[in-house]
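Structure first, commentary second.
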Amino acid sequence: MAAAQIQKIVIVGGGTAGWMTAAALATLLDRAGLDIRLIESEEIGTVGVGEATIPHIRSFNQRLGLDENAFMARTQATFKLGIEFRDWARLGDSYIHPFGAYGRSMDRVGFHHHWLRLRRAGAAADLQDYSLPIVAARMGRFQRPETDPRSLLSTFSYAFQFDAGLYAAFLREHAEARGVVRREGKVVEVDLHPENGHIRAVVLDRGERIEGDVFIDCSGFRGLLIEGALKAGYEDWTQWLPCDRAVAVPCDTVEPSTPYTRATALEAGWSWRIPLQHRVGNGYVYSSAFLSDDAAVERVMGRLEGPARAEPRLLRFTTGRRRRQWMRNCVAIGLSSGFLEPLESTSIHLIQAAITNLVELFPDAALDLADADEFNRIMDLEYDRIRDFLVLHYNATERDDTPFWNHCRTMAVPDSLREKVALFKERGVVSRYRDGLFLEPSWLAVYFGQRIEPDAYDPLSDRVPSDALAEAAEALRSAIRKEAATMSSHDAFIRACCAAGATS
Ligand SMILES: Cc1cc2nc3c(=O)[nH]c(=O)nc-3n(C[C@H](O)[C@H](O)[C@H](O)COP(=O)(O)OP(=O)(O)OC[C@H]3O[C@@H](n4cnc5c(N)ncnc54)[C@H](O)[C@@H]3O)c2cc1C
């Protein structure tokens with residue numbers, strides 16, 4: 001006999017996480033009798049930042065059946081080919097972590113090994129010149145990738161920079177059209193079953209009681225259900241990622257919009273610059289142990305390229321993750337599940353990953369613990385691996401100009417990262433993860449960008465005659481420049497296909 005199905009899902013929170021979850025569950029678990037309710041409080045509001053994404057969001061939107069141009073117009077979105085890191089390893093440095101690989105492998109040897117060999121012979125250009133998305137980003141160019149794998153214009157991917165509040169509103173329409181019911185109100189009480197500790201219902205400030213079989217905690221940093229009611233516990237990662245505050249302020253757009261996000265290392269953290277169609281998002285992520293809030297506000301205001309469009313907004317956070325993200329009949333998604341600072345634009349991706357795993361492991365009414373264990377195992381790995389990647393940016397620096405950078409350069413790092421870096425230094429090899437978000441091209445971008453130098457390259461590179469190798473690399477470099485120059489300007493591309501107000 002088939003097990004009884006979950007009938008009632010209650011989502012607490014209507015930020016990006018809440019509406020992404022509601023829209024996805026209503027679309028992907030589409031079945032008769034499923035009742036999805038979402039509770040949000042306008043009075044409490046949302047965290048209100050979160051603008052840069054990574055390419056995976058495109059598959060999320062596609063699974064929901066969202067039209068990309070309509071989505072972009074509604075969310076004031078621009079395209080993103082990568083992230084520029086300024087001043088990270090040394091003051092004056094700049095590199096882009098692109099959404100695409102460097103060069104092309106030859107003779108089954110990764111391009112970066114050939115590049116290392118050429119560089120030793122004094123015959124290599126900057127590694128960045130062998131990446132189409134980097135060259136296009138620096139030229140301010142964009143087009144969607146070609147599908148023919150022989151074309152250089154197929155060698156990249158892209159993501160978006162958008163207004164996350166508008167994205168939530170867009171998804172709300174999608175979710176409500178598929179039957180999700182929104183309740184306005186503040187959850188003031190959580191009713192737990194006296195025997196098994198499962199959540200039976202939440203009670204709103206006006207006395208309404210909402211019962212459910214499964215509760216999704218999208219209540220933001222406060223983790224109202226997962227922590228407030230269930231006490232899942234939190235693993236604090238401040239010893240590796242010391243920033244614990246941010247000040248955010250949008251400003252007017254005064255320049256053509258860049259198809260990339262910028263992260264500039266400052267004295268006690270880093271600042272972001274994210275161009276949207278109608279404004280530029282700015283912020284300073286910093287460590288309160290090394291900088292006062294007033295100094296951070298002054299610094300970010302002094303860096304604005306146009307007039308501020310709002311008062312600066314201060315946010316506090318503790319980097320880390322919930323010890324259990326799925327506990328009993330409650331699943332935490334979004335900021336309630338943990339927080340990794342936005343250096344590599346991964347928070348919205350973590351929401352997406354949690355939703356995908358929840359849909360795959362969606363329980364029946366018996367609520368099998370194995371589903372929860374598997375979900376937690378996968379999400380823990382996602383978090384751990386992104387953490388290591390972020391720590392690399394801070395630790396692999398030569399900067400010694402402020403106490404903050406001295407701390408980052410000399411701090412202990414997780415063993416998993418230490419071992420990975422050691423292997424790269426020894427042989428230029430990126431150890432592979434079976435799961436996890438960032439793949440070899442991303443690690444290479446940051447290793448080289450942060451000036452980590454391997455002692456050796458793959459000796460198989462020596463099978464390619466040096467003249468032929470130098471010629472092939474130079475041909476590739478010049479073809480990349482030529483192809484990038486054929487692309488449209490980023491702003492012109494947006495105007496032609498997805499300008500805000502142009503599509504509904
Ligand atoms: C400084 C900073 C920069 C960021 N930049 C990026 C970025 O560039 N890219 C990226 O991917 N992510 C970024 N993020 C993360 C991103 O903002 C969040 O992941 C995303 O907005 C999801 O937030 P959320 O929905 O979990 O929480 P919130 O936006 O906080 O939403 C919480 C919801 O819960 C509701 N709620 C809370 N308590 C109650 C209650 N008692 N009763 C009823 N409702 C309640 C609130 O009303 C709200 O609707 C950034 C975060 C920070 C702090």
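Order of listing sets the numbers, starting from 1, for every ligand and every atom in it.
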Looking at I216, L28, V214, which one forms a side chain to side chain contact (heavy atoms under 4.5 Å, CB included) with L358? I216

Contact check: L315 vs ligand 1, nitrogen or oxygen atoms, below 3.5 angstrom: no

Is it the case that the side chain of S59 and the backbone of H56 share a donor-acceptor pair, with hydrogens and angles ignored and the cut-off at 3.5 Å? yes

More than 12 heavy atoms of other residues, nucleotides or ligands under 6.0 Å from CD of E298: yes or no? no

Contacting atoms of ligand 1, where contact means under 4.0 angstrom from a heavy atom of G185: 42 (N), 43 (C)

Could you tell me the residue and atom name of the protein heavy atom closest to atom 13 (C) of ligand 1, and the distance to it rounded to 0.1 Å? G50 CA, 3.4 Å

Under 4.0 Å from ligand 1, counting heavy atoms only, is it the side chain of I351, its backbone, both or neither? side chain

So, regarding L335 and ligand 1 (criterion: nitrogen or oxygen to nitrogen or oxygen, under 3.5 Å), is there a contact or not? yes

Counting only heavy atoms closer than 4.0 Å, does ligand 1 sit against the backbone of R222, its side chain, both, or neither? side chain

Presence of salt bridge, K8 and D35, under 4.0 angstrom: no

Within the side chain of D213, is there an N or O that forms a donor-acceptor pair under 3.5 Å with the backbone of Q7? yes

Side chain, backbone, both or neither: which part of T53 has a heavy atom under 4.0 Å from ligand 1? neither

Say you draw a straight line from CG of D401 to CG of N406; how long is it, rounded to the nearest 0.5 Å? 8.0 Å

Regarding T78 and Q161, is there a side-chain donor-to-acceptor distance under 3.5 Å anywhere? yes

If you count the atoms of ligand 1 from 1 in the order shown, which ones are under 4.0 Å from a heavy atom of C218? 32 (C), 33 (C), 34 (O)

Contact check: G18 vs ligand 1, nitrogen or oxygen atoms, below 3.5 angstrom: no

Taking a cutoff of less than 4.0 Å between a non-hydrogen atom of the residue and any ligand atom, is F339 in contact with ligand 1? yes

What is the nearest protein non-hydrogen atom to atom 40 (C) of ligand 1, stated with its residue, atom name and distance? I44 CD1, 3.5 Å

Salt bridge or not between R222 and E227? Use side-chain N to carboxylate O under 4.0 Å. no

Member of R323, R324, R387 meeting the salt bridge (Lys or Arg N to Asp or Glu O under 4.0 Å) criterion with E235: R323

For ligand 1, is there an N or O atom under 3.5 Å from any N or O atom of A17? yes

Testing R86, Q128, E84 one by one against S94 for a side-chain hydrogen bond (donor to acceptor under 3.5 Å, both in side chains), which residue passes? E84

Under 4.0 Å between a side-chain nitrogen and a carboxylate oxygen: does that hold for D380 and R321? yes

Proximal atoms of ligand 1 relative to A52 (non-hydrogen, under 4.0 Å): 7 (C), 8 (O), 9 (N), 10 (C), 11 (O)

Taking only non-hydrogen atoms of G334 and a 4.0 Å limit, the atoms of ligand 1 in range are 26 (O)

Contact with ligand 1 for G283, non-hydrogen, under 4.0 angstrom: no

Ligand 1 atoms in contact with W272 (distance to a heavy atom under 4.0 Å): 1 (C)

Would you call R178 and E176 a salt bridge, using N to O less than 4.0 angstrom? no

Relative to the heavy atoms of L224, which atoms of ligand 1 are at a distance of less than 4.0 Å? 40 (C), 41 (N)

Where the closest heavy atom to atom 36 (N) of ligand 1 is concerned, which of C243, S219, S336, G48 has it? S219

Quick one: does any side-chain atom of N357 pair with a main-chain N or O of A353 as donor and acceptor, under 3.5 Å? yes

So that I can tick it off, tell me whether D244 and R316 are bridged by a salt bridge, with the cut-off set at under 4.0 angstrom between side-chain N and carboxylate O. no

Report yes if G14 has an N/O atom closer than 3.5 Å to an N/O atom of ligand 1; otherwise report no. yes

Closest heavy-atom approach to atom 19 (O) of ligand 1 among G220, S347, A248, A159 is made by S347

Enumerate the atoms of ligand 1 whose separation from the nearest heavy atom of A246 is less than 4.0 angstrom. 1 (C)

Any N or O of H349 that comes nearer than 3.5 Å to an N or O of ligand 1? no

Using a 4.0 Å heavy-atom cut-off, say whether A164 meets ligand 1 through its side chain, its backbone, both or neither. neither

Using a 3.5 Å cut-off on N or O atoms only, is G45 in polar contact with ligand 1? yes

Judged by heavy atoms only, the candidate from L225, T16, V49 nearest atom 16 (C) of ligand 1 is V49

Residue pair S257 / H490, side-chain donor-acceptor N/O under 3.5 Å: yes

